[in-house]
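Working notes, structure below.
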Amino acid sequence: MSRRTPQSRDRRRSAPARNPSCPCGLAETYEECCGRFHEGRATAPTAEALMRSRYCAFVRRDEAYLLRTWHPRTRPARVEFDPAMRWSGLEILGTSEGSAFHGTGTVTFRASYAGGSLQEHSRFERVEGAWVYVDGDIGK
């Protein structure tokens, strides 16, 4: 076992993180987690994975991904981002169905931002095999 001086420990602790976790709250890097969905290298395998990737898209202000993963019958023409909004965390409160074996699913989550939080019960469906966001009830 090697011995470290207090100075070497401090230097090690203060070094920048090489692989920061994804904004969606999972431990993988953005590239390994939601980035692969945003870039089109993969599709979300579950309704929860899609919801997490959509939260991350709001954090990153990725309008193209949000529109691409919105159900055609409920998709808006554009996504309006509040320039002052700073998302700070995501908590999954519950899920129902939404696995690879389902055609529909729901995810209830709380998204925190500077000054408060938003809670939503979201509905998802598969369209041509891919999960898409349909709509949600805020405050449920």
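For Arg68, the side-chain contact (heavy atoms from CB on, under 4.5 Å) partners at least two apart in sequence or on another chain are Tyr65. Remark: Ser96 engages Thr106 in a side-chain contact (heavy atoms from CB on, under 4.5 Å) (not counting sequence neighbours).
Residues Cys24 and Cys33 meet the side-chain proximity criterion, which asks for heavy atoms closer than 4.5 Å. Proximity of Arg126 to Val132: side-chain heavy atoms (C-beta onward) are nowhere separated by under 4.5 Å. In this structure, Met51 and Leu90 have side chains that are in contact, with non-hydrogen atoms separated by less than 4.5 Å. Residues Arg123 and Asp137 meet the side-chain proximity criterion, which asks for heavy atoms closer than 4.5 Å. Side-chain contact between Thr43 and Phe37 is absent, with no heavy atoms from C-beta onward closer than 4.5 Å. Within the 4.5 Å cutoff, no side-chain heavy atoms of Phe58 are placed close to those of Met85. With a 4.5 Å cut-off on side-chain heavy atoms, Gln119 and Ile138 do not count as touching. Between Arg86 and Tyr113 there is no side-chain heavy-atom pair separated by less than 4.5 Å.
Note that SG of Cys34 and CZ of Arg54 are 12.0 Å apart. Values are rounded to the nearest 0.5 Å. Atom CD of Glu48 sits about 6.0 Å away from atom OG1 of Thr46, to the nearest 0.5 Å.
Within the 3.5 Å criterion, the main-chain N or O of Gly89 finds a donor-acceptor partner in the side chain of Tyr55.
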ask   = Passes side chain to side chain contact (heavy atoms under 4.5 Å, CB included), Phe81 versus Leu66? Steps please.
value = CA-CA 11 Å; Phe81 296 104; Leu66 291 166; 3.8 Å; yes
request  = Give the C-alpha distance, both sets of side-chain angles, the deciding distance and a yes or no for side chain to side chain contact (heavy atoms under 4.5 Å, CB included) between Leu67 and Arg75.
outcome  = CA-CA 7 Å; Leu67 293 174; Arg75 180 186 306 135; 3.9 Å; yes
inquiry  = Under the criterion side chain to side chain contact (heavy atoms under 4.5 Å, CB included), I'd like the reasoning laid out for Ser53 against His38: C-alpha separation, chi angles, the key distance, then a yes or no.
reply    = CA-CA 8 Å; Ser53 70; His38 293 176; 4.1 Å; yes
task = Start with the C-alpha distance between Arg110 and Ser117, add both sets of side-chain angles, then the distance that settles side chain to side chain contact (heavy atoms under 4.5 Å, CB included), and finish with yes or no.
result = CA-CA 7 Å; Arg110 180 177 302 119; Ser117 67; 3.7 Å; yes
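Remark: Arg36 is not positioned above the aromatic ring of Tyr30, lacking an NZ or CZ atom under 6.0 angstrom from the ring centre and at most 45 degrees off the axis.
One side chain, Ser122 or Glu120, offers a donor N or O that lies under 3.5 Å from an acceptor on the other. Checking Ser99 against His102 by side-chain atom types alone, a donor-acceptor pair falls below 3.5 Å. For Glu97 and Thr104, the side-chain atoms include at least one donor-acceptor pair closer than 3.5 Å.
Here the closest heavy-atom approach between residue Cys22 and residue Cys56 is recorded as SG-SG, 4.0 Å.
Phe109 is not connected to Leu26 by any chain of hydrophobic side-chain contacts under 4.5 Å among Ile, Leu, Val, Met, Phe, Trp and Tyr, and they are in different clusters.
Taking the ring centroids of Trp70 and Tyr133, they lie under the 6.0 Å cut-off.
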